[in-house]
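Below: the structure, in structure tokens.
For ligands, and for the atoms within them, numbers begin at 1 and follow the listed sequence. FYI, the numbering just counts along the sequence from 1. Everything numeric in this text was worked out from a predicted model, so none of it was measured.
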Amino acid sequence: MAQLVSIDRPDSEAQRIAGERRSQHLVTAFVITGLLFMLLPGTFLGVWNLLNITQEHGPASISQAWLQAHGQAQIFGWIGSFILGIGFYSLTKMQSTRSFPARAAWTSWVLWSAGVLLRWLGGVTGDAWRIVLPLSALLQLAAFVLFFLSVRRHRPESGAAKLEAWARIVIASTVVFLVGLVMNAILLFHQAVVAGTPELPHVLDQQFVTLAVWGILVPTIWGFNARWLPVFLGLPKPSARTLYAACNLSLIGIVATCLSWLPVAMVAFFISAWLAVDALHVWKPAIHPPKVVNVDPRFPWFVRFTYVWLVIGTVLGMLAVIWDTSGGIWGASRHAVTVGFVAAMVFAIGQRILPAFCGMRILWSTRLMFWSLVLLFAGCFLRVLSEPLAYQHLWAPAWKILPVSAVIELTAVTLFAVNLGMTLAQPPAHLRNRLASAAPE
Ligand code: HEM
């Protein structure tokens, strides 16, 4: 038996390395797709929308289909692609994985990229939208089902240790992701059959955005934060019970939003955000030294600061229920959560982990990492401050600040993309070292 094990080992080791390489190529493809969606269909269109809103002094006159296309590109085109890529990559790290499901993974990438691209094109151009939008939903759903089945097939063997809280939360948000894509398909088929335009009715659209943000993006981040913050920031182990309570409250908030009980929903999101802060100990002192090699040394503070934005977003949500008459406080609330929390978290953690996931590389520039985050926070601050003041007609000069915020955020996003792009263009760390030592003196 002992002999068998020793004979088997080189084979399984070679298989493991080959699987790791394949999954690195795949996660790189998903990351590049996500970056492209973030830049052009996502942020550039968002900036364009904001410039038009500023010119018209209000959001009413601009195309709702374009607003919705921007939101879809950011949530599904960018963050969704990152989630799928990291999810497939994680399969190689699971105990029961014998081989990487390369065919399913690449098919999923093709279907997903085509689906999110068609969703954006259908919304922005309006060409053949009755066919293009439902088709986009089917492609996204098919891609995600392939991902879901691969994850299920490769789950840890029975007898392996009990699932930890972070894994349960990530699995739960994956299930909500699937539910979200089914609902997206139902909404778009319904739209294609009964409606006269590609834009979803406002209330339905906002309910769907709430499901996507509070059911998919936020809990996925909490799950991965529970896994990584004790390691990267040296924080105490998260409290599983409090984190489950935070997730349950965010689900209650989603249900309340769908029932149009907005005061209940906003209070639920507010408490949920505080519970997550408490459960993850984000604002408590570290008990171990943080791991900041090859990233900006202020990385732990950036991560902590994203939670300030999450709480601000939920406070603005409660204020919006009471005072909003123009969409400005709602817009500021959503922006604080999507940009201040979600995008900034992806900038911070992404630049920490993705270079390694995409082939054991080292981040190209820690200085660009610093500036991308500082500018993102600065742009977000100006936007969240000026949007309610401008839209609610409280302070006219706020209209002049909004375009400035958009350009600062566009710069931040571009720096992030350049930094990751250059990182991926570099050879892996071990090859760089070998090349450096082989170079003539
Ligand atoms: C980085 C620069 C960004 C700019 C300039 C921008 C701009 C805008 C604008 C002008 C709107 C219209 C609503 C309003 O008046 O507030 C909007 C809506 C929205 N944005 Fe952004 N945004 C940005 C980033 C993001 C990010 C990173 C996400 C998500 C991760 C996001 C998700 C959304 C969503 C979901 C909506 C609502 C769309 C809908 O009503 O269906 N945005 N954005």
Tell me which protein heavy atom sits closest to [atom], plus the residue, atom name and distance to 0.1 Å.
atom	answer
atom 15 (O) of ligand 1	Y391 OH, 2.8 Å
atom 17 (C) of ligand 1	R334 NH2, 3.3 Å
atom 41 (O) of ligand 1	D205 OD2, 2.6 Å
atom 7 (C) of ligand 1	R383 NH1, 3.3 Å
atom 38 (C) of ligand 1	L67 O, 3.6 Å
atom 1 (C) of ligand 1	E409 OE1, 3.4 Å
atom 28 (C) of ligand 1	Q74 CB, 3.5 Å

Check whether the side chains of [X] and [Y] place a donor and an acceptor atom closer than 3.5 Å, and report yes or no.
X	Y	value
T257	Q207	no
T197	Q64	no
S173	T220	yes
Q24	E20	yes

So for M38 against ligand 1, with non-hydrogen atoms under 4.0 Å, the contacting part is neither
At under 4.0 Å between heavy atoms, what of V209 touches ligand 1? The answer is side chain
d(Y391 OH, T325 OG1) to nearest 0.5 Å is 13.0 Å
Distance col, row I86:CD1 vs S23:OG, nearest 0.5 angstrom, shows 12.0 Å
Would you mind listing which atoms of ligand 1 come within a distance below 4.0 Å of any non-hydrogen atom of [X]?
X	result
G331	16 (O)
L50	10 (C)
W78	27 (C)
E387	14 (C), 15 (O), 16 (O)
V339	24 (C), 25 (C), 26 (C), 27 (C)
I75	35 (C)
T43	1 (C), 2 (C)

Nearest heavy atom to atom 40 (O) of ligand 1, choosing from H202, Q68, Q206, Q72, belongs to Q206
Aromatic contact, W283 with Y307 (centres under 6.0 Å): no
Centroid separation under 6.0 Å, is that true for the rings of W109 and W106?
yes
TODO: May I ask you to decide if A406's main-chain N or O and R383's side chain share a donor-acceptor pair within less than 3.5 Å?
DONE: no
* Is it true that the NZ or CZ of R168 lies under 6.0 Å from the centre of Y244's six-membered ring and within 45 degrees of the ring axis? -> no
message: Using a 6.0 Å distance limit plus a 45 degree cone around the ring axis, check whether R298 lies over the aromatic ring of F370.
response: yes
Checking only N/O/S atoms, does H70 have one that is under 2.8 Å from atom 21 (Fe) of ligand 1? yes
